[in-house]
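Here the structure comes first, spelled out in structure tokens, and everything after it is commentary.
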Amino acid sequence: MKKESTHHERLDDFDIYGFQHDLITWFEREQRDLPWRKDQDPYKVWVSEIMLQQTKVDTVIPYFNSFIEQFPNIQSLAEAEEDRVLKAWEGLGYYSRARNLQSAVREVHESYAGIVPNTPKEISTLKGVGPYTTGAILSIAYGVPEPAVDGNVMRVLSRILLIRDDIAKPKTRKVFEEVIRDLISKENPSFFNQGLMELGAMVCTPTSPSCLLCPVREHCRAFAEGVQRELPVKTKKKSTKQVALVAGIFKDKDGRFLIHRRPSEGLLANLWEFPNFVKVDELGTAKQQLLQLMKTEYGLNVALGEYVCDIKHVFSHLVWDVNVYVGSWDGELLEGSDLVPVTEEEMKEFAFPVSHQNMWKEYLKTVE
DNA sequence: AATACGGGGGA
DNA sequence: TCCCCAGTATT
């Protein structure tokens, strides 16, 4: 007859309370002083968690401070222009996070009287709030014992509990969630979850973990077996596609430059950019194609000048190789044209992807 | 289950 | 180079 157990089988012979205590007291003692840890305002916890998705703490800090200064609460973000929100997110990447956050904040403003909901069901229906962020907000802002499984947590627990499931597989996250439901401190789920992540960031790092400094070393099965460097198991993804582009920085006699808003869906949605096109080898030189496409796409006659630079920009799933030219334009923009003429000063108000910021920097060097 | 979606930094 | 990062939405 199977032995009856109140815990997940992977926790057999595991000192749950000792582990909770050692982790939480270490976090109380050693946690970093971070701007989103000054209070537990659910809105600020929420903003920080969205910004921290796939993004390092050091990168997020200045963005978080500036964002909270501009949008200090639910109402201010709900009522803001989307372009201002994108500008505040400029350079941080994964821009749908910003648009989803504002959309969800508007829903909380309108449907929840401005109070961030505190149940898994309600909170996980908000745009941009998935399983990880649901658990993070609930535990950190409201003290609800929900798992918050991110990359850190999977790495740390794969070592502690010797879990060899491939963390690249979607279903593996559920394995960790089920274990954590039995492992999490019901008294202090906030510090338990944050402690796991802090440990992953500071001690139990991907390569060469600092096991000799680890507060939960005596609980770690991988350390006991000497296999901590073999975990977690993670299959690697495939490489990126190459895309060749040609772009133009076009100025008129009054010093106005042509920019263009990207489509509302897909890569870099709703951000601004200099006119550019996918280059096709069979259709002549980059310069010829730029000239031709400005005419057919925008009905605009341009004169092309010097080659500015070649910008290489790496995304997670593709690589842009952009040939950049200067040029000039004259006359009228077509009715309904997507092109907007702006001065150098006005350009500062628009959110550009980093690749196009770099094109602009290179252009400024050539006119010095 | 696989893919799209940014950008920076470390080894 | 390759990998990782306080992941989510879409297909």
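The sequence lines fix the lettering, A, B, ..., with proteins before strands; numbering per chain opens at 1. Given the structure is predicted, the values throughout are model-derived calculations rather than measurements. Side chains included, hydrogens not; waters and symmetry mates left out as well; all remaining heavy atoms used.
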**Request:** Please check the phosphate of dA9(C) (OP1 and OP2 only) for any side-chain N or O of Tyr94(A) closer than 4.0 Å.
**Result:** no

**Message:** Over all strands shown, is Leu92(A) touching base, sugar-phosphate only, or nothing at heavy-atom distances under 4.0 angstrom?
**Reply:** base

**Message:** Whole angstroms only, please: what is the CZ-P distance between Phe315(A) and dC5(C)?
**Reply:** 22 Å

**Request:** Using atom NZ of Lys312(A) as one end and atom P of dG7(B) as the other, report the distance to the nearest whole Å.
**Result:** 16 Å

**Item:** Donor on one side chain, acceptor on other, His260(A) and Glu273(A), under 3.5 Å
**Value:** yes

**Asked** Does Arg97(A) have a side-chain nitrogen or oxygen under 4.0 Å from the phosphate oxygens OP1 or OP2 of dG6(B)?
**Response** no

**Asked** Do Ser66(A) and Glu69(A) have a side chain donor and acceptor closer than 3.5 Å?
**Response** no

**Rounded C1' spacing from dG6(B) to dC3(C) in Å** = 16 Å

**Prompt:** If you look at every strand shown and take non-hydrogen atoms under 4.0 Å, does Val60(A) touch a base, only sugar-phosphate, or nothing?
**Reply:** nothing

**Fill in**
Rounded to whole Å, the CH2-P distance (Trp89(A) to dG6(B)) equals 12 Å

**Request:** For Phe257(A) and Phe250(A), run ring-ring contact (aromatic ring centres under 6.0 Å, His included): C-alpha distance rounded to whole Å, both residues' side-chain angles, the deciding distance at 0.1 Å, then the answer.
**Result:** CA-CA 5 Å; Phe257(A) 297 86; Phe250(A) 299 107; over 10 Å; no

**Pair Glu49(A)-Tyr132(A), side-chain donor/acceptor within less than 3.5 Å** = yes

**Message:** Heavy atoms from C-beta onward define the side chain here; which of dC4(C), dG7(B), dA6(C) lies closest to that of Asn152(A)?
**Reply:** dA6(C)

**Asked** Is there a donor in the side chain of Asn358(A) and an acceptor in the side chain of Ser355(A), or the other way round, less than 3.5 Å apart?
**Response** no

**Request:** Let me know the distance between CD of Gln102(A) and P of dT8(C), rounded to the nearest Å.
**Result:** 20 Å

**Asked** Taking for each residue the nucleotide of DNA chain C with the nearest heavy atom, is it Leu126(A) or Arg32(A) whose nucleotide lies nearer the 5' end?
**Response** Arg32(A)

**Message:** Please give the distance between the C1' atoms of dA6(C) and dA11(B) as a whole number of Å.
**Reply:** 22 Å

**Complete:** Gln357(A) atom CD is separated from dG8(B) atom C1', nearest whole Å, by 13 Å

**Request:** Identify whether any heavy atom of Tyr132(A) sits under 4.0 Å from a base atom; if not, whether one sits that close to sugar-phosphate; answer base, sugar-phosphate or nothing.
**Result:** base

**Prompt:** dG7(C) base to Thr133(A) side chain: any donor-acceptor pair below 3.5 Å?
**Reply:** no

**Message:** So if I take every side-chain heavy atom of Val57(A) and compare against dA9(C), dA6(C), dG7(B), which nucleotide ends up nearest?
**Reply:** dA6(C)

**Message:** Please tell me if Gln53(A) has a side-chain N or O lying less than 4.0 Å from either OP1 or OP2 of dG7(C).
**Reply:** no

**Request:** Test for a donor-acceptor pair under 3.5 Å between the base of dG7(B) and the side chain of Thr55(A), counting only N and O atoms.
**Result:** no

**Fill in**
Of the listed dA4(B), dG8(B), dG6(B), the closest approach to the Leu267(A) side chain comes from dG6(B)

**Prompt:** Of all the choices, dA6(C), dT8(C), dG6(B), which nucleotide is nearest to the side chain of Pro131(A) once you look at every atom?
**Reply:** dT8(C)

**Request:** Output the single nucleotide from dG7(C), dG7(B), dG6(B) whose closest atom is nearest the side chain of Pro353(A).
**Result:** dG7(B)

**Message:** I'd like to know if the side chain of Asp22(A) pairs up with that of His219(A) as donor and acceptor (distance under 3.5 Å, no hydrogens or angles considered).
**Reply:** yes

**Message:** Categorize Arg99(A) for me: base, sugar-phosphate, or nothing, with a 4.0 angstrom heavy-atom threshold over every strand shown.
**Reply:** nothing

**Asked** Taking for each residue the nucleotide of DNA chain B bearing the nearest heavy atom, is the 5' side occupied by Pro170(A) or by Thr59(A)?
**Response** Pro170(A)

**Item:** Nearest to side-chain heavy atoms of Met197(A), which nucleotide of dG7(B), dA6(C), dC5(B)
**Value:** dA6(C)

**Asked** If you pin Lys241(A) and Ser355(A) to their nearest nucleotides in DNA chain B, which one's is more 5'?
**Response** Lys241(A)

**Message:** Does Gly200(A) reach a base, just sugar-phosphate, or nothing at all? Heavy atoms under 4.0 Å.
**Reply:** nothing

**Request:** Round to the nearest Å and state the distance from Ile50(A) atom CD1 to dG7(C) atom C1'.
**Result:** 9 Å

**Asked** What nucleic acid atoms does Ser316(A) come within less than 4.0 Å of, heavy atoms only: base, sugar-phosphate, or nothing?
**Response** base

**Message:** With ring-ring contact (aromatic ring centres under 6.0 Å, His included) as the criterion, how do Trp360(A) and Phe352(A) come out once you've worked through the C-alpha distance, each side chain's angles and the decisive distance to 0.1 Å?
**Reply:** CA-CA 10 Å; Trp360(A) 179 247; Phe352(A) 287 84; 8.1 Å; no

**Asked** Atom CG of Leu86(A) to atom C1' of dC5(B): distance rounded to whole Å?
**Response** 14 Å

**Asked** Out of dG7(C), dG6(B), dA9(C), which has the shortest distance to the side chain of Asp150(A)?
**Response** dG7(C)

**Counterpart base for dG6(B), defined by Watson-Crick or G-U wobble contacts under 3.5 Å** = none

**Asked** Between dA2(B), dC4(C), dG7(C), which nucleotide gets closest to the side-chain atoms of Lys169(A)?
**Response** dA2(B)

**Asked** For the pair made of NZ in Lys56(A) and P in dA11(B), what is the distance, rounded to whole Å?
**Response** 10 Å

**Request:** Would you mind classifying the nucleic acid contact of Arg262(A) as base, sugar-phosphate or nothing, using non-hydrogen atoms under 4.0 angstrom?
**Result:** nothing

**Asked** Knowing that exactly one of Met359(A), Glu90(A), His313(A) qualifies, which makes a side-chain contact (heavy atoms from CB on, under 4.5 Å) with Val354(A)?
**Response** His313(A)

**Complete:** Taking dG6(B), dA9(C), dA6(C) as options, the one with an atom nearest any side-chain atom of Leu52(A) is dA6(C)

**Request:** May I ask you to verify if any side-chain N or O of His317(A) is less than 4.0 angstrom from the OP1 or OP2 atom of dG6(B)?
**Result:** no

